[in-house]
Amino acid sequence: MAEKTMEFKTELSQLLHLITHSLYSHREVFLRELISNACDAIDKIRFEALTKTELLDGDSDWKILIDIDKEAKTLTISDNGIGMDEESLVHNLGTIAHSGTKAFLSRLKDEGLKDNPELIGQFGVGFYSAFMVADRVTVDSRMHGASAVQWTSDGTGSFTITEGRRESRGTTVTLHLKEDASEYLEEYTIRSIVKKFSDFVEHPVVLLTTEKDEEKGTEEKKEEQLNTRKAIWLRAKSEITSDEYNEFYKHISHDFNNPSEVIHYNAEGAIEFKALLFIPEKKPFDMIMNNDPKAHLNLYVQRVFISNEFENLLPAYLRFVKGVVDAADLPLNVSREILQENPQLDKIRRNLVSRILKTLSEMKTKNYDKYLKFYAEFGPMLKEGLQSDFENSEKIADLLLFETTATKPGEMRSLADYVESMKDGQEEIIYLAAEHRGIAENSPFLEGFKAAGKEVLFMLDPIDEFVIPRIGEYKGKKFKAANKGDVGDEETLKDEQKKFEGFLGFIKEKLSGVKEVRLSTRLKESPACLVGDEYSMSPHIEAMMRRMGQPVPEQERVLELNPSHPVVEAVQSMYEADKNDPKLSESIELLRDLAHVAEGSKVENPAAFSSRIAALMARDLGTK
Ligand code: ADP
């Protein structure tokens with residue numbers, strides 16, 4: 001094979017630079033990352049070989065070997081895992097799958113990288129962390145049925161691909177250590193790092209040590225297993241330290257931060273399994289960028305890693321949960337498809353879901369501040385469950401928090417709090433969806449409710465309006481949008497309705513795109529507002545969908561006028577006096593535009609609107 005030199009994507013070399021410089025004080029994590037990769041590679045081949053034994057090529061003595069060469073100043077980590085061919089080497093180590101790398105890099109710069117290793121850890125440093133300790137890295141790899149390939153790079157701008165030397169399946173990563181990284185040539189350093197980060201790794205992590213026989217003048221290589229390989233999820237909770245949990249979490253998640261919550265339990269009875277689950281503190285980078293809509297729990301059967309691709313093991317809305325499930329009763333040696341159909345998986349999923357929801361509920365009552373942080377990161381994801389997990393929708397609803405007319409900005413209340421403080425005679429949970437608190441708070445739609453002393457929930461997250469009203473009711477109370485449908489006390493306007501009848505019909509004719517014009521009971525201070533049907537979309541959601549290029553049918557809304565507002569009264573008198581007065585149609589258009597402005601929407605014709613306002617000001621200020 002001819003040697004080929006290829007460039008890293010620009011963002012990648014910047015990233016390498018950042019990683020090597022920012023995580024300096026944590027640089028020993030490179031070993032954890034390389035061992036994790038080796039372990040994943042072994043898991044992959046072991047699983048594939050369950051149904052295709054020929055892939056093994058007779059080599060199933062799983063092992064991760066570490067070899068130190070003091071003279072050459074190299075540290076080598078090799079495995080007999082799945083290996084990579086040329087294409088996967090170039091793809092996995094030369095390009096970066098994340099399309100948002102650039103955005104992430106600028107965020108790192110903005111937020112002050114030096115003091116913020118957690119941020120870069122969120123990215124998942126992975127293989128590239130090797131460049132923290134090495135000025136050159138060689139990866140020699142061979143896949144079943146392919147020839148060996150070698151990848152070399154100094155981690156700056158490019159990498160070279162050439163013929164490899166490996167004779168058997170697997171991968172050898174050789175680190176040419178930097179001058180200042182000679183500590184990693186010491187056996188005791190390696191021993192202690194493996195103990196600290198990778199003790200629970202399932203496959204043996206073996207250090208090749210050299211035994212010198214001074215008398216004979218010979219040297220002999222001996223294998224020393226460094227890890228105890230005790231699957232952490234099989235151990236008793238009382239024996240596991242939080243450090244061990246944290247390290248295990250980092251091993252499986254490639255997250256740099258500690259988890260926010262650990263859930264470790266044995267399910268017994270109808271279905272038996274062991275679960276070790278983690279709720280992360282922050283969204284890992286790939287969750288932000290790839291927006292992978294599936295949950296990936298690692299499924300083991302009797303300690304054998306099967307897959308992290310079983311969709312029916314955990315519903316998508318709980319995809320923020322990371323961890324391991326080890327089920328003793330599931331069959332080994334069957335294909336993924338057959339296992340996927342196993343009814344036991346449904347039972348396991350139900351059990352996991354209820355355990356996770358219970359944990360969150362406890363966090364909410366016992367550690368509210370921690371829950372708020374969780375909610376800020378993962379609340380929107382949790383809400384997706386309202387439209388997919390009907391069995392648990394009440395429990396999910398219990399976990400939700402909202403700002404309301406009764407909270408300070410940024411503070412939140414639960415639906416249960418809301419229902420508890422409902423006034424006598426109030427039958428519905430009243431909500432208003434808006435783009436942000438400022439718009440919600442000052443909305444004309446609240447005037448009537450405020451006057452009646454009723455609390456209104458603010459739905460400020462775009463997903464709210466799609467999912468929450470659809471659960472129908474909470475604790476027997478229906479959801480009711482403040483800006484949609486009737487408010488129920490239309491009877492009180494009977495007399496005015498007669499007086500205004502002709503006027504309202506006239507406006508309807510003048511204005512296109514308005515479904516109906518009627519008098520309002522919800523307005524107290526504002527002259528006009530636009531009201532949608534009970535199940536229509538709020539205008540800010542409509543605008544958001546349009547911005548995202550989604551087709552949204554034109555929605556006609558009802559124009560409501562406040563009969564006791566002086567402007568409405570004045571326009572009505574103008575109508576009685578002279579229907580052809582040009583100021584009359586101008587004023588009607590202005591009333592409609594004002595309704596748009598007040599709800600936070602754009603007016604149809606901003607130029608016409610501003611010239612009308614300017615004319616009014618000129619008149620009022622007496623310049624014309
Ligand atoms: P991550 O492990 O988080 O996916 P890395 O940057 O560490 O990210 O590795 C990138 C990819 O390279 C891995 O997903 C894997 O496909 C491949 N890879 C890395 N190390 C090995 C290895 N020892 N054997 C086989 N494949 C590997």
Side-chain angles (χ1 to χ4, degrees), residues 8-9 11-13 15-16 18-20 23 29-49 55 59 62-67 75-98 101 104 120-134 137-144 146 148-153 155 159 161 164 166 168-175 197-198 201-203 205-206 249-256 280 284-290 292 296 298 305 307-309 322:
F8 284 126
K9 292 247 172 97
E11 292 89 8
L12 182 56
S13 42
L15 186 70
L16 288 177
L18 287 176
I19 290 170
T20 42
L23 288 179
V29 301
F30 82 91
L31 195 55
R32 172 184 79 199
E33 298 299 318
L34 297 180
I35 291 174
S36 279
N37 283 348
C39 182
D40 291 349
I42 293 175
D43 284 341
K44 278 183 202 153
I45 184 73
R46 188 172 58 164
F47 176 71
E48 303 247 315
L55 295 179
D59 179 6
W62 310 122
K63 201 182 284 180
I64 299 160
L65 267 182
I66 304 181
D67 195 6
L75 181 66
T76 304
I77 294 99
S78 58
D79 63 69
N80 52 353
I82 194 154
M84 288 175 272
D85 58 8
E86 183 181 346
E87 194 191 335
S88 40
L89 255 181
V90 171
H91 178 78
N92 292 333
L93 306 183
T95 57
I96 211 148
H98 308 307
T101 309
F104 183 74
I120 194 143
Q122 207 182 333
F123 186 89
V125 284
F127 168 80
Y128 305 104
S129 60
F131 291 103
M132 294 194 286
V133 296
V137 178
T138 326
V139 180
D140 224 313
S141 196
R142 188 182 191 117
M143 237 181 164
H144 166 85
V149 220
Q150 195 186 79
W151 177 103
T152 306
S153 177
F159 59 90
I161 293 278
R166 263 197 83 114
S168 58
R169 189 200 62 242
T171 303
T172 304
V173 179
T174 306
L175 311 179
F197 290 130
S198 311
V201 164
E202 293 168 78
H203 309 295
V205 178
V206 169
Y249 166 72
K250 291 173 188 175
H251 169 71
I252 57 164
S253 67
H254 297 277
D255 188 353
F256 195 86
F285 180 75
D286 53 354
M287 198 176 264
I288 305 173
M289 290 307 170
N290 298 348
D292 181 356
H296 295 280
N298 296 353
F305 175 74
S307 169
N308 64 356
E309 298 281 341
K322 302 283 164 215

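Numbering of ligands and ligand atoms starts at 1, following listing order.
- Polar contact with ligand 1: absent for Y128 (N/O pair, distance under 3.5 Å).
- The one candidate from D140, V139, T171 that meets the side-chain contact (heavy atoms from CB on, under 4.5 Å) condition with W151 is V139.
- For ligand 1, the polar-atom distance check finds no N/O of D40 at less than 3.5 Å from any of the ligand's N/O atoms.
- Residues H144 and L55 come closest through the heavy atom pair CD2-CD2, 3.5 Å.
- If you check the side chains of T172 and R166, you find a donor sitting under 3.5 Å from an acceptor.
- Listed by atom number, the atoms of ligand 1 under 4.0 Å from F127 heavy atoms are 5 (P), 6 (O), 7 (O).
- The residue among M84, M143, K44 with a heavy atom at the shortest distance from atom 21 (C) of ligand 1 is M84.
- Distance alone, capped at 3.5 Å, is enough to place a donor-acceptor pair between the S253 side chain and the Y249 backbone.
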